[in-house]
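One structure is given here, and the rest of the page talks about it.
Bear in mind the structure is a predicted one, so any value in this text is a computation, not a measurement.
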Amino acid sequence: MSEESQVLVIFPHPDDETFSSAGTLARYIDNGVPVTYACLTLGQMGRNLGNPPFATRESLPEIRERELEEAAKAIGIKDLRKMGYRDKTVEFEPYEKIDGMVQSLIEELHPSLIISFYPGYAVHPDHEATAEAVVRTVERMPKDERPRLQLVAFSNDAIEELGEPDVINDISEYRDTKLNAFKAHASQSGPFLQQLAEPQVPDEAKSFLEQEAYWTYKFES
């Protein structure tokens, strides 16, 4: 992992940070790199209510907010920003509003690295809208002032179309940290934690706890 002066993480939902980056962020924090996590929504519209269910539609926003705080604590994130957007509506936000939010964070923090989703390969509409806002905003900056974009691609055709990841972080020493962050997101992570409890842990589930992969966004100009 390269040395950074400030890492800014921008994801739309509680648990996006855990699935994609818990080990990577924990390592940055252990190395003394400031990490700020801007979570756009509280995942109010999440389909999962726990397994077995323990949340209701009415209680889910408060539960997911508490889970987000606990996951951030498990990872070691002290600067957690809740940006106040509503789940499943990020794609409808005016560009000037969401881009302005990203720009304000950049102007305040001067990150050397931003971690977010890769546009076109992020699957969920809120993921895509967040990714596009990050790329649009950074692209407008002078070349020599742009932070590096280290982006997560979840879609099945990512490797076929983007090539192999530019960065693959071995996070095996942070396995327990990531697992604890998953446990914090109890309303959403039940099926994944059940997989881990199986006598023969599926390779895909195991890999989530051992490696985190990113693509570096390359601007055309």
If you compare all heavy atoms of P111 against all heavy atoms of L8, which two are closest, and at what distance to 0.1 Å? CB-CB, 3.8 Å
At their closest point, which heavy atom of A181 faces which heavy atom of I75, and how far apart are they? CB-CG1, 4.0 Å
Which distance, rounded to the nearest 0.5 Å, do you find between the CZ of R148 and the CD1 of I115? 8.5 Å
Please check if the side chain of W215 supplies one atom and the backbone of L149 the other of a donor-acceptor pair under 3.5 Å. no
How far does CD of E132 sit from CG of D99, to the nearest 0.5 angstrom? 10.0 Å
Lys/Arg-Asp/Glu bridge criterion (N-O < 4.0 Å) met for D79, R81: yes
How far does OG1 of T130 sit from CG of D16, to the nearest 0.5 angstrom? 8.0 Å
Separation between CG of L42 and CZ of R66, rounded to the nearest 0.5 Å: 12.0 Å
Less than 4.5 Å apart, side chain to side chain, heavy atoms only: is that true for H127 and P12? yes
Check ion pair D126-R86 (N to O, under 4.0 angstrom): no
Side chains of R64 and Q188: closer than 4.5 Å at any heavy-atom pair? yes
Is it the case that the ring center of Y118 lies less than 6.0 angstrom away from the ring center of Y217? yes
Same cluster or not: L109 versus V9, using hydrophobic residues (I, L, V, M, F, W, Y) connected whenever any side-chain heavy atoms lie under 4.5 Å apart? no
Would you mind reporting whether C39 and F11 have side-chain heavy atoms less than 4.5 Å apart? no
Verify the distance criterion only: is there a donor paired with an acceptor across the side chains of H185 and E17 at less than 3.5 Å? yes
Nearest 0.5 Å, please: how far is CG in N180 from NZ in K73? 12.5 Å
Please report the shortest heavy-atom distance between I171 and F208, naming the atom on each side. CD1-O, 3.9 Å
Indicate whether any N or O donor in one side chain lies under 3.5 Å from an N or O acceptor in the other, for Y214 and S21. yes
Side chain to side chain, L179 and L193, heavy atoms closer than 4.5 Å: yes
Looking at every heavy atom in both L162 and A153, which two are closest together, and how far apart are they? CD1-CB, 4.2 Å
Give a yes or no on whether the backbone of G120 and the side-chain of E128 come within a donor-acceptor separation of less than 3.5 Å. yes
Go through the side-chain N and O atoms of E4 and S112 and say whether any donor and acceptor fall under 3.5 Å apart. yes
Do I114 and I106 come close enough that some side-chain heavy atom pair is under 4.5 Å? yes
Any donor and acceptor pair, going by atom type alone, linking the side chain of Q150 with main-chain N or O of T216 inside 3.5 Å? no
When rounded to the nearest 0.5 angstrom, what is the spacing between CD in E145 and NE2 in H110? 9.5 Å
Do E67 and S187 pair up side chain to side chain, a donor and an acceptor below 3.5 Å, judged on atom types alone? yes
Within the structure provided, determine whether Y85 and M101 are in side-chain contact (heavy-atom separation under 4.5 Å). yes
Between K82 and E69 (salt bridge meaning N to carboxylate O under 4.0 Å), is one present in this structure? yes
Is it the case that the side chains of D157 and Y121 hold a donor-acceptor pair, with the cut-off being a distance below 3.5 Å and no angle test? no
Close side-chain approach of V7 and I29, heavy atoms under 4.5 Å: no
I'd like to know if the side chain of R146 reaches the main chain of M141, judged simply by a donor and an acceptor atom lying under 3.5 Å from each other, with no hydrogens or angles considered. yes
Verify the neighbour count for atom NZ of K143: are there more than 12 heavy atoms of other residues, nucleotides or ligands below 6.0 Å? no
Given salt bridge (charged side-chain N to carboxylate O under 4.0 Å, His left out), test K218 with D166 step by step and report yes or no. CA-CA 11 Å; K218 299 168 182 69; D166 300 297; 3.4 Å; yes
Look at R136 together with E139 and state whether they make a salt bridge at an N to O cut-off of under 4.0 Å. no
Ignoring hydrogens and angles, state whether a donor on the side chain of E210 or S172 is under 3.5 Å from an acceptor on the partner side chain. no
Note, V138 side chain near P147 side chain (heavy atom, < 4.5 Å): yes
Taking every non-hydrogen atom, the tightest pair across T18 and K178: O-CE, 2.9 Å
Would you say Q6 and T36 are linked by a side-chain donor-acceptor pair, where the criterion is simply a distance under 3.5 Å? yes
Taking the six-membered ring for Trp and the single ring otherwise, decide whether the centroids of F19 and F182 are under 6.0 Å apart. yes
Locate the shortest heavy-atom distance separating L80 from A72; write the atom from each residue and the value. CD2-CB, 4.2 Å
Look at the side chain of E212 and the backbone N and O of G23, then say whether any donor-acceptor pair between them is shorter than 3.5 Å. yes
